[in-house]
Participant: 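Structure provided below as C-alpha cells; questions to follow.
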Amino acid sequence: MISNLKENVEIILPENGLEEKLEQAKKDNRKLIIKLGFDPTAPDLHLGHAVVLKKLKQFQDLGHQIVILVGDFTAQIGDPTGKNKSRKPLSAAEVKQNAQTYLNQLSKIIDTDKVKIVFNSEWLDKLSFTEVIQILSKVTVAQLMHRKDFNKRFTENSPIAMHELVYPILQGFDSVEIKADIEMGGTDQLFNCTMGRQLQETFEMNPQVVMCMPLLKGLDGKEKMSKSLNNIIGLTDAPNDMFGKTMSMPDSLIEEFLDLATDFSVSEKEAVKARLSNGENPMEIKKLIAKNIITQYHNEAEAQNAEAFFINQFQNKKFEEKSFESVLINSLQQENGIISLVDLCVQLKKEQSKSAVRRLIESGAVKINNEKNLDPFAEIELKNETKIKIGKRDFFELKA
RNA sequence: GGGGAGAUACUCAAGCGGCCAACGAGGACAGACUGUAACUCUGUUGUUUUUUAACUUCGCAGGUUCGAAUCCUGCUCUCCCCA
C-alpha cells in the first residue's frame with residue numbers, strides 16, 4: 001500500500017514522514033487531513049493537475065480527508081510579477097464561480113462530495129497587523145531567499161515586492177489553520193509547503209508532511225504543462241481532441257506521459273517501455289497512451305472511437321462525417337447564405353483577429369470540403385454539411 | 001535623502017528627427033516533408049477597410065517641429081552606487 005502511495009512521488013519530506021503519519025492516524029483512529037491549495041484565478045484543469053489529483057484520490061480511497069484550500073485571499077492581493085501588474089483582483093463572485101468550475105472538473109478524478117472546501121480569506125482577513133508581524137517574525141529573509149525564483153530574481157536585479165515574500169508565509173499559515181497532516185503539490189510548491197511545516201512547528205503542532213509530485217511537461221515538450229503556454233490536454237477536452245493532442249506530442253515525452261498521465265500499473269508501464277526500446281514505432285505507443293487517457297476521463301468506448309476516428313481521418317486521410325464541430329448556419333452572421341471566407345473563419349475561430357485569420361487563410365491553412373482555399377474574400381455559400389478545416393485541429397461542419 | 005542608469009511588440013534586443021508597424025534572435029502559428037513525432041526547408045507574427053492604404057502602438061501626460069520611438073518638460077516605475 002505504501003509503495004502505491006509513493007509511486008511517482010518526487011519528494012517526500014521528511015523521508016519517513018508518510019509512514020509515521022499513517023501510523024499515527026491509525027493509532028488515533030482518525031483521518032489524515034490532506035491539503036491541496038488552489039489558485040482561483042486559473043480554474044482550467046489539465047493532465048498536469050491530474051498527477052497531483054490522482055495521488056489525492058488514492059488517499060481519499062483509503063478514507064482520509066481531502067481539504068481543498070481556495071486561495072481567495074492571496075488572489076485578491078494580485079500578483080505583481082513582470083508585466084502582470086494590471087491584473088485585477090477577483091471579485092468575490094468570480095472567486096465563487098471559479099471555485100465551482102474547479103470543483104466540477106475535480107469530480108472527474110476525486111469524489112467531491114467527500115471533499116472539504118475552505119477559503120483562506122476566512123482567517124487571513126481577520127488577522128490583525130500585530131498577528132501578521134508575529135507570524136512574519138518566524139521566518140528569516142535568508143530562508144526566503146532559498147526559494148529558487150526569489151533567488152533568481154534577486155541575483156538578476158529584478159524587482160521583488162515585499163508582499164510577494166509574504167505569499168509563502170501566508171500559504172504556510174493556511175496549513176496551521178486547517179491543521180494539515182499532509183500538503184500535496186507539484187515540485188514547484190516545495191518551498192511553500194515546507195513553509196507550512198515550519199509555521200506549524202512554531203505553533204506547536206506536529207508539522208505536516210510535504211509530498212510533491214513531478215510537473216508534467218506540456219505538449220511542446222519543453223515547459224511544464226500550463227494553460228498560458230497553450231500546451232495542455234484539458235480534463236474536459238473531447239475524446240478526439242485528447243487523442244489528437246496526444247499524438248502530436250514529441251516522442252521525447254512518451255515515457256513521462258506513460259508514467260504520469262496513464263493509469264497503467266507499474267508492470268504494464270515497464271512492458272510498454274520495453275516495447276519502445278525494442279524498436280516499436282513510437283506512434284503505436286502514443287496511441288496506447290491516448291486511449292488510456294481517454295478511458296480515464298471519458299470511457300473505453302469513447303477511446304476506441306477516438307482511435308478509429310484518428311486512424312481513418314488522419315492516417316488514411318478519409319474524411320469522416322463525425323466529430324466535426326457542428327455550427328448552425330443560422331447562428332452565423334451572413335447575407336442571404338453568402339459570406340466571405342475570412343468572415344466565416346473569424347466567426348468559427350473565436351478570439352482571433354480578422355487580420356490573423358486572414359493570414360492563416362493566405363498561408364494555406366484553411367480547407368473547405370477538403371480543398372485548400374487561399375482567397376480570404378472568396379464568397380462561400382453556406383450549405384448544409386459544408387466542412388471547414390482550419391489548421392490541424394479545428395474542424396467545423398455547417399448545419400442547416 | 002544624494003548621485004547615476006534605464007523603461008521598445010510574447011521574451012530578449014536594435015533603433016536615437018523623416019527611408020519605422022519599427023533590424024535581429026528566440027518563441028509561437030501556418031505550409032511542405034512525416035508517424036498530427038523529431039529533423040529540415042518556406043512563410044507569417046499590431047488592427048482594420050479586398051491593403052502599393054488608413055488607423056493605433058516604442059512606460060504615462062503634455063510640448064517643440066511640416067514631421068517624433070527618437071528632442072524638451074513633468075510624472076510613474078525599475079535597477080545600481082553612496083548615506
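This structure is a prediction, so every number in the text was calculated from the model and none was measured. The chains referred to below are lettered A, B, ... by the order of the sequence lines, with proteins before strands, and numbering in each begins at 1.
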Participant: Let me know the distance between CD of E255(A) and C1' of A37(B), rounded to the nearest Å.
Facilitator: 15 Å
Participant: Do the side-chain N and O atoms of E131(A) and S128(A) include a donor-acceptor pair separated by under 3.5 angstrom?
Facilitator: yes
Participant: Can you check the L276(A) CG to A38(B) P distance for me, whole Å?
Facilitator: 16 Å
Participant: Can you tell me how far C1' of U36(B) sits from CG of N312(A), to the nearest Å?
Facilitator: 15 Å
Participant: Any side-chain N or O of S353(A) below 4.0 angstrom from OP1/OP2 of G46(B)?
Facilitator: no
Participant: What I want to find out is whether K31(A) reaches D181(A) closely enough, with some N-O distance under 4.0 Å, to be called a salt bridge.
Facilitator: no
Participant: Whole Å only: how far is the CD1 atom of I285(A) from the P atom of A37(B)?
Facilitator: 17 Å
Participant: When every nucleotide of nucleotides 30-35 of chain B is labelled 5' to 3' by its protein contacts under 4.0 Å (heavy atoms), B for base, S for sugar-phosphate only, - for none, what sequence of letters results?
Facilitator: SSS--B
Participant: My understanding is that a pair needs two contacts under 3.5 Å, Watson-Crick or G-U wobble. By that rule, which nucleotide pairs with A32(B)?
Facilitator: U40(B)
Participant: Looking at K399(A) and E397(A), is any side-chain nitrogen of the basic one under 4.0 Å from a carboxylate oxygen of the acidic one?
Facilitator: yes
Participant: Can a salt bridge be assigned to the pair E7(A) and K269(A) using a cut-off of 4.0 Å between side-chain N and carboxylate O?
Facilitator: yes
Participant: For A69(B) and A21(B), measure between their P atoms and round to the nearest Å.
Facilitator: 9 Å
Participant: Should S355(A) be listed as having a side-chain N or O under 4.0 Å from OP1 or OP2 of U48(B)?
Facilitator: yes
Participant: Can you tell me the Watson-Crick or wobble partner of C55(B), both distances under 3.5 angstrom?
Facilitator: G46(B)
Participant: What's the gap between C20(B) and A68(B) when it is taken at their C1' atoms, as a whole Å value?
Facilitator: 11 Å
Participant: Using the P atom on both, measure U40(B) against G26(B) and round to a whole Å.
Facilitator: 11 Å
Participant: Counting only side-chain nitrogens and oxygens, does K222(A) get under 4.0 Å of the OP1 or OP2 atom of G26(B)?
Facilitator: no
Participant: With both distances under 3.5 Å as the test, what is the Watson-Crick or G-U wobble partner of C71(B)?
Facilitator: G63(B)
Participant: Could you tell me the separation between the CD1 atom of I233(A) and the C1' atom of U36(B), rounded to a whole number of Å?
Facilitator: 12 Å
Participant: If I take atom CG in residue N240(A) and atom C1' in nucleotide U36(B), what distance separates them, rounded to the nearest angstrom?
Facilitator: 13 Å
Participant: If Ile, Leu, Val, Met, Phe, Trp and Tyr residues are connected whenever their side-chain heavy atoms lie under 4.5 Å apart, and connections chain through other members, are V52(A) and V210(A) in the same group?
Facilitator: no
Participant: Identify whether the distance between the nearest side-chain nitrogen and carboxylate oxygen of K57(A) and D111(A) falls below 4.0 Å.
Facilitator: no
Participant: For U73(B) versus G3(B), give the span between their P atoms, rounded off to a whole number of Å.
Facilitator: 16 Å
Participant: Say you pick atom P in A25(B) and the same atom in C80(B); how far apart are they, in whole Å?
Facilitator: 32 Å
Participant: Can the ring centroids of F154(A) and F150(A) be said to lie less than 6.0 angstrom from one another?
Facilitator: no
Participant: Both S248(A) and I160(A) contact RNA chain B. Taking the nearest nucleotide for each, which residue is further toward the 5' end?
Facilitator: S248(A)
Participant: Linking I/L/V/M/F/W/Y whenever any side-chain heavy atoms sit under 4.5 Å apart, do V342(A) and I329(A) land together?
Facilitator: yes
Participant: D220(A) has an atom CG; how far is it from atom C1' of C39(B), in whole Å?
Facilitator: 17 Å
Participant: Say you pick atom C1' in A32(B) and the same atom in G24(B); how far apart are they, in whole Å?
Facilitator: 26 Å
Participant: Partner lookup for C77(B), please. Criteria are Watson-Crick or G-U wobble with both distances under 3.5 angstrom; report none if nothing qualifies.
Facilitator: G6(B)
Participant: Taking C58(B) as the reference, what is the distance to G17(B) when you measure between their C1' atoms (whole Å, please)?
Facilitator: 15 Å
Participant: Quantified in whole Å, what is the C1' atom distance between nucleotide A28(B) and nucleotide G35(B)?
Facilitator: 23 Å
Participant: Please determine if D263(A) and K54(A) form a salt bridge, counting it only when a charged side-chain N lies under 4.0 Å from a carboxylate O.
Facilitator: no
Participant: Whole-Å distance between A37(B) P and L219(A) CG?
Facilitator: 12 Å
Participant: Between R359(A) and U47(B), does any side-chain N or O lie under 4.0 Å from OP1 or OP2?
Facilitator: yes
Participant: Mind checking who A83(B) pairs with, Watson-Crick or G-U wobble, both distances under 3.5 Å?
Facilitator: none
